[in-house]
Amino acid sequence: MRMRVVDFHTHILPGIDDGSKDLQQSLEMLRAQAGQGIDHVVCTPHFYPSSDNPQRFLARREKAYSQLAAELEKHQGMPALSLGAEVLYFKGISEWDGLKDLKIQGTDCVMIEMPMSEWSERMLDDVAAIKRRQKLTPIIAHVDRYITPLRTYGIPETLADMPVIVQANSSFFLNRFSAPLAFKMLKKGQIQLLGSDCHNMTSRKPDLGQARDIIIKKVGDEAIKNVNELEKNIFSGMILI
Ligand SMILES: [Fe+2]
């Protein structure tokens, strides 16, 4: 039986962040996803804790989602949607009550965007404590954004020792300069989930299907099977990390 293919990181909800600007664009993005064999799309709009709060965010997200869901009823063969958020790290996040409201629907996972500045020990302890204090598993968004093909700053190894799941973007595998590192990290289990992080149909488009194809060609089926297995476990509440 074919495994369900999940795009774990997208900005596909209309008009809620710097992703899809309207309903038309969201539909176009979802149509592209369907064409690439994506069955399930996790919507992870940006959540910026310094200028937003969960209540306001959830109301905006619900509005964007219901508009899109109503439109999707008229279309066949589109991916299923789950709601989540890409929560920007802030000091004290592991003790913050609002975090549970931003978890990915149907899971005990929450997507965390780390800062682009250097990660301190205290910050890493705070992220690791999310699991212990809140029983939520952090998914570290787009690990590829914090490293370069020439310098990884020990980040892949650091994250591998933490109670987190590591997600990488399709572009990491599709760009010929970063691809060798992406394949290496995937083989070592330093990347566990994939997402397109699509924002539009031009500069940051849905391209997970292409990334999966190139991974199968260069790394083999096994790597993709591991990703699929974890996706399945996340949605059935069985994560062993
Ligand atoms: Fe993102």
Side-chain angles (χ1 to χ4, degrees), residues 5-22 25-26 28-30 32-33 36 38 40-52 54 57-58 60-61 64-65 68 79 81-90 93 98-99 101-105 107 109-117 119 123 127 130 136-148 155-156 159 164-175 178 182 185-186 190-212 227 230-231 234:
V5 178
V6 186
D7 188 342
F8 242 94
H9 186 161
T10 71
H11 298 268
I12 223 158
L13 287 181
I16 184 166
D17 61 4
D18 59 342
S20 167
K21 64 176 180 0
D22 56 27
Q25 194 168 51
S26 299
E28 225 182 305
M29 289 162 84
L30 283 167
Q33 300 270 36
Q36 293 170 31
I38 312 297
H40 184 166
V41 167
V42 183
C43 305
T44 51
H46 288 288
F47 177 83
Y48 296 118
S50 60
S51 57
D52 208 348
F57 172 83
L58 294 177
R60 277 201 323 276
R61 192 184 68 178
Y65 171 73
L68 184 55
L81 301 181
S82 289
L83 298 176
E86 179 179 9
V87 184
L88 184 63
Y89 171 82
F90 64 96
I93 195 168
L99 196 57
D101 299 327
L102 302 175
K103 66 183 188 179
I104 296 171
Q105 207 175 45
T107 78
C109 295
V110 62
M111 181 170 277
I112 308 286
E113 178 177 27
M114 296 296 283
M116 292 299 162
S117 55
W119 302 353
M123 188 186 281
V127 172
I130 292 174
L136 294 172
T137 303
I139 297 177
I140 303 297
H142 46 52
V143 64
D144 42 295
R145 297 278 297 276
Y146 318 114
I147 61 182
T148 75
I155 284 176
L159 292 176
V164 301
I165 293 172
V166 179
Q167 180 260 319
N169 285 355
S170 323
S171 55
F172 194 29
F173 297 89
L174 293 170
N175 177 300
S178 57
M185 284 175 62
L186 186 68
Q190 292 168 339
I191 293 169
Q192 296 143 311
L193 281 185
L194 304 172
S196 64
D197 198 5
C198 57
H199 280 63
N200 51 48
M201 282 301 289
T202 50
S203 55
R204 299 178 76 180
K205 55 189 174 193
D207 53 7
L208 182 61
Q210 285 101 294
R212 286 175 62 99
V227 171
L230 180 61
E231 288 167 350
I234 285 175

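Sequential numbering from 1 along the given sequence is applied to the chain's residues. Just so you know, ligand 1 is whichever comes first in the structure, and atom 1 is the first atom listed for that ligand.
Here the side chain of Asn169 pairs no donor or acceptor atom with the backbone of Ser171 at under 3.5 angstrom. Checked by atom type and distance alone, the side chain of Asp101 never pairs as donor or acceptor with a backbone atom of Pro54 at under 3.5 Å. Checking side-chain atoms of Gln192 against main-chain N and O of Leu230 turns up no donor-acceptor pair under 3.5 Å.
In this structure, the separation between CZ on Phe47 and CZ on Arg61 is 11.0 Å, given to the nearest 0.5 Å.
Judged purely by distance below 3.5 Å, without hydrogens or angles, the side chains of His142 and Glu86 pair a donor atom with an acceptor atom.
Protein N/O/S atoms closer than 2.8 Å to the Fe ion (ligand 1), listed by chain and residue number, are His9 NE2, His11 NE2, Glu86 OE1, Asp197 OD1.
Considering every non-hydrogen atom in both Gln167 and Asp144, the closest pair reads O-OD1, 4.4 Å.
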